[in-house]
Amino acid sequence: MDEILHTDLAPGECRELLAAMSQPLLQWYDRSARVLPWRERPTPYRVWVSEIMLQQTRVAAVLPYFERFVTALPDEQALADAPQDQLLKLWEGLGYYNRVKNMQKCAREVVACHGGRLPGDYCALLKLPGIGAYTAGAIASIAFGQRFPAVDGNVLRVMARLISCDSDILQPRVKKAFGELVLSAMPHHRPGDFNQAMMELGATICLPNTLPLCPSCPLGDICRGRALQTHHHLPHKAPKKAKRNEQWTVVVARWQGRILLQRRPESGLLGGMYQYLCLPGHLGAEECQQQLAAQGFCVHTLRPLGAAKHIFTHIVWQMEGYLADLSAPPQEPLYTLEEIEEQLSVPSAFAHYTRQLPTLPLPL
DNA sequence: AAAACGGGGGC
DNA sequence: GCCCCAGTTTT
């Protein structure tokens with residue numbers, strides 16, 4: 001383990017530290033746990049939905065989505081039966097849309113193979129789409145009271161600082177080793193609360209970058225990172241690679257007040273979501289009009305809508321926009337403003353253009 | 001093991 | 001405006 005989790009803590013000191021943490025941590029959690037909707041009634045379904053939403057996403061961002069989602073789709077069966085457009089609309093703005101598609105795959109599998117209810121068995125959970133080691137551990141421990149670790153970024157940060165470990169937490173083997181460490185520290189009672197307490201500590205006290213609030217930390221007295229003052233630059237992560245740039249011309253094509261939208265391919269970036277007409281490269285008005293004509297559109301007037309930039313994890317989109325009023329109906333489907341707002345999911349990458357929809361100038 | 005996959009918040 | 005955050009699947 002020492003080879004993977006680099007710490008200057010002696011094995012005996014490390015065991016001692018791990019044995020000493022659960023009691024103050026759980027006491028602190030009992031005092032300080034935030035009141036959150038999925039904690040009120042932690043059914044397996046609600047825990048699952050919340051855990052998937054919370055992947056890569058902060059609590060504050062999830063809050064407006066959770067109640068709406070579980071009200072619209074109250075159980076596994078309802079989720080399995082939902083149309084994809086409704087799913088994407090419920091998820092619009094949360095990002096990582098494969099999460100909700102996998103959730104539906106998972107719901108269908110649960111309906112087919114587990115009697116319509118999420119299984120309580122960790123290994124069975126792990127086999128389901130969209131459920132990896134973290135989510136399986138979270139559901140098994142929080143909803144079913146079983147003793148499994150749920151190692152997210154918060155837990156990695158807390159543990160790395162607690163034992164003053166500078167191993168690269170992005171490495172799979174390091175995550176695995178921290179999972180084993182967490183399990184060794186986990187009490188046999190309240191495993192779900194123990195996991196949630198670790199994450200809560202990372203989210204509210206043991207903060208990234210900005211100074212951790214060590215004076216308020218229930219583990220402050222036993223924290224090796226704090227004692228050594230190494231916690232400021234922990235956890236360690238390997239540097240990330242550069243994003244690639246993409247240039248697009250975004251055309252809001254309009255005919256008789258309705259807007260042309262195209263559905264993106266089912267798989268890949270923003271799969272299945274709707275977008276305005278997109279042409280590769282930054283096109284001048286002249287060139288844009290030419291390409292639209294070549295694609296069979298009868299453009300009456302073309303007006304600039306300004307530039308926009310959107311940054312994904314791995315790509316930067318630089319966009320130039322145009323409003324194209326057509327003089328004849330296009331082949332592809334048109335949508336009213338109301339349909340776009342109420343039913344269709346348009347990625348927030350296009351927010352600069354979507355925002356202008358209600359105030360667009362009338363056709364000349 | 002590395003890349004694909006969004007969007008929001010802090011400074 | 002730039003930097004940081006981070007589970008699961010696919011390659």
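Quantities reported herein were computed from a predicted structural model and do not represent experimental measurements. Per chain, numbering begins at 1; letters A, B, ... match sequence-line order.
- At the heavy-atom level, A/Lys101 lies nowhere under 4.0 Å from the strands shown.
- To the nearest whole angstrom, the two C1' atoms, one in B/dA2 and one in C/dA6, are 15 Å apart.
- Look at CG on A/Asp168: it is 11 Å from P on B/dA1, rounded to the nearest Å.
- Applying the under-4.5 Å side-chain rule to Ile, Leu, Val, Met, Phe, Trp and Tyr, the cluster around A/Ile311 extends to A/Val316.
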Report, one pair per line, the protein and nucleotides 9-11 of chain C atoms (nitrogen or oxygen only) whose separation is under 3.5 Å.
{"from": "C/dT9", "atom 1": "OP1", "to": "A/Gly130", "atom 2": "N", "distance (Å)": "2.5"}

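- A/Arg173 comes within contact range of no nucleotide atom at all, as no heavy-atom separation falls under 4.0 Å.
- Other members of the hydrophobic cluster containing A/Leu126, listed by chain and number, are A/Tyr122, A/Phe148; membership follows side-chain contacts under 4.5 Å among ILVMFWY residues, whether direct or relayed.
- Salt-bridge check for A/Arg263 with A/Glu332: failed, with every basic side-chain N at 4.0 Å or more from each acidic carboxylate O.
- Proximity of residues 265-280 of chain A to DNA chain C (heavy atom under 4.0 angstrom from any strand atom) is not detected for any residue.
- Cluster annotation: A/Val251 and A/Met273 are assigned to distinct hydrophobic clusters (Ile/Leu/Val/Met/Phe/Trp/Tyr, side-chain heavy-atom contacts under 4.5 Å, transitive).
- For A/Gln318, the side chain to side chain donor-acceptor pair (under 3.5 Å) criterion is met by A/Asn245, not counting sequence neighbours.
- With sequence neighbours left out, the ring pair (Phe, Tyr, Trp, His ring centres under 6.0 Å) criterion links A/Phe66 to A/Trp38.
- Using a 4.0 Å cut-off on heavy atoms, none of the residues of residues 133-149 of chain A approach DNA chain B.
- Salt-bridge annotation for A/Arg46 and A/Asp75: absent, with no side-chain N of the basic residue lying under 4.0 Å from a carboxylate O of the acidic one.
- Among residue pairs with one or both ends in residues 256-301 of chain A, those qualifying as ring pair (Phe, Tyr, Trp, His ring centres under 6.0 Å) are A/Tyr276-A/Phe350; sequence neighbours excluded.
- Residue contacts shown for A/Asn154 are limited to sugar-phosphate atoms, with no base heavy atom under 4.0 Å away.
- In this structure, A/Tyr322 has no ring pair (Phe, Tyr, Trp, His ring centres under 6.0 Å) partners at least two apart in sequence or on a different chain.
- Per the geometry, CG belonging to A/Asn98 stands 11 Å off C1' belonging to B/dG6, to the nearest Å.
- Within 4.0 Å (heavy atoms only), A/Ser348 reaches sugar-phosphate atoms of the nucleic acid but no base atom.
- A salt bridge links A/Lys176 with A/Glu180: at least one charged nitrogen is closer than 4.0 Å to a carboxylate oxygen.
- Using a 4.0 Å cut-off between charged nitrogen and carboxylate oxygen, A/Glu13 and A/Arg15 do not count as a salt-bridge pair.
- The salt bridge (charged side-chain N to carboxylate O under 4.0 Å, His left out) analysis of residues 117-136 of chain A, with sequence neighbours excluded, yields the pairs A/Glu76-A/Arg117.
- Screening residues 300-325 of chain A for salt bridge (charged side-chain N to carboxylate O under 4.0 Å, His left out), with sequence neighbours left out, gives A/Arg254-A/Asp325, A/Arg303-A/Asp325.
- Contact check, A/Lys240 against C/dC4: a side-chain N or O comes under 4.0 Å of OP1 or OP2.
- Listed in residue order, the members of residues 53-70 of chain A having a heavy atom less than 4.0 Å from DNA chain B are A/Gln56, A/Thr57, A/Arg58.
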